[in-house]
Colleague: 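The following block contains the structure, expressed as structure tokens.
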Amino acid sequence: MTEISETHTGLKDRRADALGDLRLLPDEIILAILASLGARDVSRVACVSSVMYILCNEEPLWMSICLNNVKDHLQYKGSWKKTALLQEHMPNGYIEPCEKPLHFDGFNSLFLYRRLYRCHTTLDGFTFDNGKAERRKDLSLEEFCHEYDGKKPVLLAGLGDTWPARSTWTTDQLLLNYGDTAFKISQRSSRKITMKFKDYVSYMKVQHDEDPLYIFDDKFGEVAPGLLKDYSVPRLFQEDFFDVLDRDQRPPFRWLIIGPERSGASWHVDPALTSAWNTLLCGRKRWALYPPGRVPTGVTVHVNEEDGDVNIETPSSLQWWLDFYPLLADEDKPIECTQLPGETIYVPSGWWHCVLNLETTIAVTQNFVNSKNFEFVCLDMAPGYHHKGVCRAGMLALDKGSFENGKIDAFCDKDGLNYPDLTRKEKRVRTYQPGKDPDNQSARNGACKSYDLWNQDFYYDINFLSMFLDQEKDHYSSLWSSSNCIGQREMREWLCKLWVGKPGMRELIWKGACLALNAGKWLECTAQICAFHGLPPPTDDERLPVGTGSNPVYLISDSVVKLFVEGGLEASIHSLGAELEFYSLLCKVNSPLKDHVPDVLASGILFLDNGSYTIVPWDGKGVPDVIAKCNLVPAKCMEDGFSFGVWSKKDFEYKKAGASTYESISSAECAGIWPYIITKRCKGKIFAHLRDTLPRDDVLNLASFLGEQLHHLHILPHPSLNGSIHLPLDNGFMDEISDKIGIPAEWEIFIRTLARKRKDISSRLTKWYVLSFREVLKIDLYLLSNY
């Protein structure tokens with residue numbers, strides 16, 4: 001913040017008297033604090049002093065307050081303050097004075113001035129095209145694949161000339177046909193906001209926001225199906241590996257984009273390193289693009305070291321062009337172009353891009369996975385964080401000495417690259433600063449050379465990037481990043497469907513599966529188990545794990561091989577032990593349920609011993625030597641009983657519950673140990689695949705059958721405790737439940753486990769980003785005080 005002195009204005013600076021000790025804070029910090037308050041509280045703070053009145057009447061502040069409290073379709077009422085107060089159902093007597101704000105002299109703020117300028121600047125002459133982005137027309141599929149696909153962006157003319165959308169996707173026509181249709185609005189808010197199109201058009205006509213709302217709706221095909229008939233996927237982008245998924249399974253992939261002047265998309269890399277095409281139907285867009293690994297100036301990349309979640313801090317597109325672009329040296333400027341109506345731009349995998357609408361624009365865009373970017377998509381959804389950082393921030397994402405330089409040197413030498421000694425200044429934060437790449441000839445020479453390499457340190461090559469995978473992380477036992485565009489189970493199902501549906505591309509699909517799932521490792525483990533038990537080796541059709549569970553499962557001929565890996569060795573051995581005890585109990589009491597549960601053919605433990613696989617059969621009783629060496633033997637172990645059975649598992653879950661990070665066994669000597677089970681393969685299909693086709697009578701019969709089996713399950717006698725569990729006192733909790741009469745001893749562990757989970761629920765919800773901070777603070781109001 002910069003203040004204008006009293007001698008130049010002749011007016012006394014009112015800041016010190018009006019703000020008191022808060023005068024030491026920059027205006028942007030004070031406004032950030034105010035944004036955390038509600039509308040009524042901000043209105044009260046505005047009465048404190050003249051400067052607080054000025055700050056509390058900033059429209060961007062009220063815009064933030066309003067968007068954070070939208071409960072229904074948003075309706076803009078001419079100003080954000082008025083809109084927010086109407087949301088609070090304030091009487092008109094309080095709202096009318098807002099239209100006649102007070103004015104005060106003697107206060108100056110460079111921050112507020114710059115923001116005001118961005119709110120009212122016009123972009124009529126804001127067109128720039130330096131020739132770096134190529135323009136092509138009548139490009140053949142062969143030329144596109146050879147010259148551009150996965151390599152560099154290109155502007156394509158004529159791909160949508162025959163679309164009805166070329167004439168019908170105007171503001172007036174859409175208003176006529178879809179005025180009452182509510183579309184999603186993209187804005188920096190944790191809430192999903194929608195506006196009816198007629199209300200959005202009214203907003204566009206009167207708004208003066210520095211970062212205006214714009215329609216960015218991935219469900220437009222569902223809310224306005226007629227729009228899907230107005231365009232088709234251009235012939236150059238027909239291949240899309242996500243097509244094998246049902247519509248409700250595939251991640252968001254197409255968007256309707258409508259925005260006024262000054263709106264746009266800030267710097268980002270498309271989700272999961274997919275590629276994209278964007279066709280403009282109305283208006284003009286200004287694009288800026290950087291190749292993979294080249295983080296734009298002013299942008300910070302955060303990669304969470306626990307789950308690989310990627311977050312990007314970036315100014316708005318308008319702010320970047322006004323405040324950062326002028327500071328760039330010529331060699332540091334991005335590839336730029338102005339997209340005109342009817343043109344389609346192709347953005348390759350991993351490319352940074354930023355878009356600014358120069359006038360009201362209407363466009364449609366789709367992301368896709370094809371044979372050129374498939375491996376990158378699989379790599380990005382692999383567990384860990386190093387590779388995600390390198391894909392986006394290049395070598396700036398690395399610690400000094402994080403990886404064996406010999407491996408990187410070996411790769412770089414064959415391509416004429418080198419790997420200097422790099423350091424990072426801030427953990428998990430990556431920025432690119434201008435002027436630090438003086439030898440970058442690609443920026444000077446434009447698109448005439450390969451854009452795979454922008455400096456001597458980084459190469460956007462799948463073999464190079466895969467070296468940064470964390471070998472200790474595994475798909476089944478690691479945290480799944482919330483920034484991944486698809487879930488873990490959906491990821492495995494997608495690969496299985498590709499394997500079946502595209503047999504001619506299995507070599508490529510296998511490479512992707514090895515990156516995302518470490519499929520080669522699990523196939524080798526399964527082959528060892530099959531050989532030991534005399535089962536046929538996996539065929540080509542059986543190479544990928546199947547199912548939607550949390551462990552690798554393979555269908556081998558008439559058998560099912562399941563390896564237990566979820567949660568680490570301690571959780572896995574308890575899962576297998578409890579499962580074997582359950583099977584044993586079914587047979588012991590001759591339960592009718594056993595007729596509907598697959599027979600257990602074999603079970604055991606596979607482990608690496610001096611680089612070779614060894615298998616020890618195990619029926620769940622006793623403790624195998626390989627497990628005993630890992631110090632996993634329960635405190636009171638039954639030599640002939642199920643040492644890792646049901647109650648031992650519950651004891652383990654109790655110890656794990658409530659802990660922010662449970663320290664399971666993960667030493668080097670226990671890393672390569674996998675319990676497994678082999679069962680008889682059931683015939684038929686999964687109910688989830690049949691639910692939409694079964695007649696009602698069949699569904700009712702099935703429900704009745706399942707209810708009967710559930711009854712058999714409930715009347716099973718539970719295993720005896722036999723003193724196998726010893727629970728220490730837990731902050732007086734035993735005293736609380738000791739007075740409760742009639743609680744069976746077996747329930748104690750369940751109650752105490754629930755109590756532990758209850759204590760830690762706030763931190764877990766915060767970590768999972770399920771609820772906002774305010775909602776987490778109120779979570780105790782929704783929890784039962786007793787069980």
Side-chain angles (χ1 to χ4, degrees), residues 63 66-80 82-84 86-87 160 162-207 209 211-234 242 246-265 271 276-285 341-342 344 355 357 359-367 485:
M63 181 182 188
C66 184
L67 296 180
N68 286 329
N69 290 280
V70 175
K71 295 181 176 60
D72 201 353
H73 301 315
L74 176 64
Q75 282 187 299
Y76 183 68
K77 300 298 184 180
S79 79
W80 285 112
K82 184 177 181 179
T83 305
L86 286 173
Q87 284 180 347
T162 61
W163 293 357
R166 288 286 283 122
S167 58
T168 60
W169 283 26
T170 64
T171 302
D172 292 338
Q173 283 292 320
L174 292 177
L175 185 60
L176 182 65
N177 297 326
Y178 302 99
D180 288 318
T181 303
F183 294 104
K184 289 182 182 179
I185 301 299
S186 177
Q187 190 61 27
R188 299 178 188 184
S189 171
S190 59
R191 295 179 177 269
K192 293 182 179 179
I193 302 170
T194 61
M195 288 183 77
K196 290 185 177 180
F197 189 67
K198 62 183 180 183
D199 295 329
Y200 181 72
V201 172
S202 299
Y203 160 79
M204 285 199 299
K205 291 178 179 179
V206 299
Q207 62 83 27
D209 295 328
D211 189 13
L213 303 178
Y214 70 106
I215 290 176
F216 195 78
D217 194 341
D218 63 305
K219 301 292 185 183
F220 75 94
E222 285 77 2
V223 298
L227 293 176
L228 297 178
K229 301 176 182 178
D230 293 339
Y231 80 97
S232 58
V233 177
F242 275 139
D246 296 334
R247 178 65 187 89
D248 60 344
Q249 290 180 311
R250 71 176 297 171
F253 68 104
R254 63 187 176 205
W255 289 267
L256 171 68
I257 307 174
I258 304 176
E261 181 184 26
R262 298 189 310 279
S263 65
W277 59 266
N278 179 303
T279 299
L280 184 62
L281 285 313
C282 175
R284 294 176 301 138
K285 289 179 179 285
T344 299
V355 189
N357 292 321
E359 55 197 48
T360 298
T361 62
I362 301 174
V364 63
T365 185
Q366 287 195 191
N367 287 63
C485 69

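Just so we're clear, the structure is a prediction, and the values are computed from it rather than from any experiment.
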Colleague: Tell me which pairs pass salt bridge (Lys or Arg N to Asp or Glu O under 4.0 Å) where either residue lies in residues 176-185, with sequence neighbours left out.
Modeller: Asp180-Lys198, Lys184-Asp218
Colleague: Less than 4.5 Å apart, side chain to side chain, heavy atoms only: is that true for Tyr200 and Pro260?
Modeller: yes
Colleague: Testing the basics here: between Cys485 and Phe242, what is the closest heavy-atom pair and its distance to 0.1 Å?
Modeller: SG-CZ, 4.5 Å
Colleague: For residues Ser186 and Ile215, determine if any side-chain heavy atom of one lies less than 4.5 Å from a side-chain heavy atom of the other.
Modeller: no
Colleague: Rounded to the nearest 0.5 Å, how far apart are OG1 of Thr365 and CG of Asn367?
Modeller: 5.5 Å
Colleague: Of all residues at least two apart in sequence or in a different chain, which pass the side-chain hydrogen bond (donor to acceptor under 3.5 Å, both in side chains) check with Asp217?
Modeller: none
Colleague: For a side-chain contact (heavy atoms from CB on, under 4.5 Å) check, start with the C-alpha distance between Val233 and Trp277, then their side-chain angles and the critical distance, and finish with the verdict.
Modeller: CA-CA 9 Å; Val233 177; Trp277 59 266; 4.1 Å; yes
Colleague: Please confirm whether the backbone N or O of Thr344 pairs with a side-chain atom of Thr279, one donor and one acceptor, at under 3.5 Å?
Modeller: no
Colleague: Holding to salt bridge (Lys or Arg N to Asp or Glu O under 4.0 Å), I want the full list of residues that pass it with Lys219, two or more places apart in sequence or in another chain.
Modeller: none
Colleague: Going by side-chain hydrogen bond (donor to acceptor under 3.5 Å, both in side chains), name the residues that satisfy it together with Trp255, two or more places apart in sequence or in a different chain.
Modeller: none
Colleague: Taking side-chain hydrogen bond (donor to acceptor under 3.5 Å, both in side chains) as the definition, give me every residue that meets it alongside Glu359, ordered by chain and number, with sequence neighbours left out.
Modeller: Arg284
Colleague: Test of understanding: with side chain to side chain contact (heavy atoms under 4.5 Å, CB included), list the residues that count as partners of Ser232, not counting sequence neighbours.
Modeller: Trp163
Colleague: Considering only heavy atoms from C-beta outward, does the side chain of Leu256 approach that of Tyr178 to under 4.5 Å?
Modeller: no
Colleague: Would you name the heavy atoms of Leu213 and Tyr203 that are closest together and state the gap between them?
Modeller: N-OH, 3.0 Å
Colleague: What I'd like to find out is whether the side chain of Trp169 reaches to under 4.5 Å of the side chain of Ile258, using heavy atoms alone.
Modeller: no
Colleague: Does Ser79 offer a backbone N or O that forms a donor-acceptor pair with the side chain of Thr83 under 3.5 Å?
Modeller: yes
Colleague: Hey, does Pro164 have a side-chain heavy atom less than 4.5 Å from the side chain of Lys229?
Modeller: no
Colleague: Please report the closest heavy-atom contact between Thr170 and Ile362, naming both atoms and the distance.
Modeller: C-CD1, 3.7 Å
Colleague: Would you list the atom pairs, donor with acceptor, under 3.5 Å between side chains in residues 70-78 and any protein atom, with sequence neighbours excluded?
Modeller:
{"from": "His73", "atom 1": "ND1", "to": "Thr194", "atom 2": "OG1", "distance (Å)": "2.7"}
{"from": "Tyr76", "atom 1": "OH", "to": "Gly78", "atom 2": "O", "distance (Å)": "3.1"}

Colleague: Output all residues satisfying side-chain hydrogen bond (donor to acceptor under 3.5 Å, both in side chains) with Lys196, sequence neighbours left out; order by chain, then residue number.
Modeller: none
Colleague: Within the 3.5 Å criterion, strictly below it, is a donor on Asp209 or Trp80 matched to an acceptor on the partner's side chain?
Modeller: yes
Colleague: On a heavy-atom basis, which atom in Gln87 and which in Cys66 lie closest, and how many Å separate them?
Modeller: NE2-SG, 3.2 Å
Colleague: Could I get the full list of side chain to side chain contact (heavy atoms under 4.5 Å, CB included) partners for Leu228, not counting sequence neighbours?
Modeller: Phe220, Tyr231, Arg254
Colleague: Taking atom CG of Leu174 and atom OG1 of Thr181, what is their separation to the nearest 0.5 Å?
Modeller: 9.5 Å
Colleague: Locate the shortest heavy-atom distance separating Phe183 from Val223; write the atom from each residue and the value.
Modeller: CE2-CG2, 3.9 Å
Colleague: Using salt bridge (Lys or Arg N to Asp or Glu O under 4.0 Å) as the criterion, list what pairs up with Arg166, not counting sequence neighbours.
Modeller: none
Colleague: I'd like to check the salt bridge (Lys or Arg N to Asp or Glu O under 4.0 Å) partners of Asp248; sequence neighbours left out, ordered by chain and number.
Modeller: none
Colleague: Less than 4.5 Å apart, any side-chain heavy atom of Thr360 and any of Met204?
Modeller: yes
Colleague: Do Arg250 and Asp246 touch side chain to side chain, with heavy atoms closer than 4.5 Å?
Modeller: no
Colleague: Output all residues satisfying salt bridge (Lys or Arg N to Asp or Glu O under 4.0 Å) with Asp199, sequence neighbours left out; order by chain, then residue number.
Modeller: none
Colleague: On a heavy-atom basis, which atom in Phe197 and which in Thr171 lie closest, and how many Å separate them?
Modeller: CE2-O, 3.8 Å
Colleague: Check the pair Leu280, Thr361 against side-chain contact (heavy atoms from CB on, under 4.5 Å), reporting the backbone distance first and the verdict last.
Modeller: CA-CA 7 Å; Leu280 184 62; Thr361 62; 3.9 Å; yes
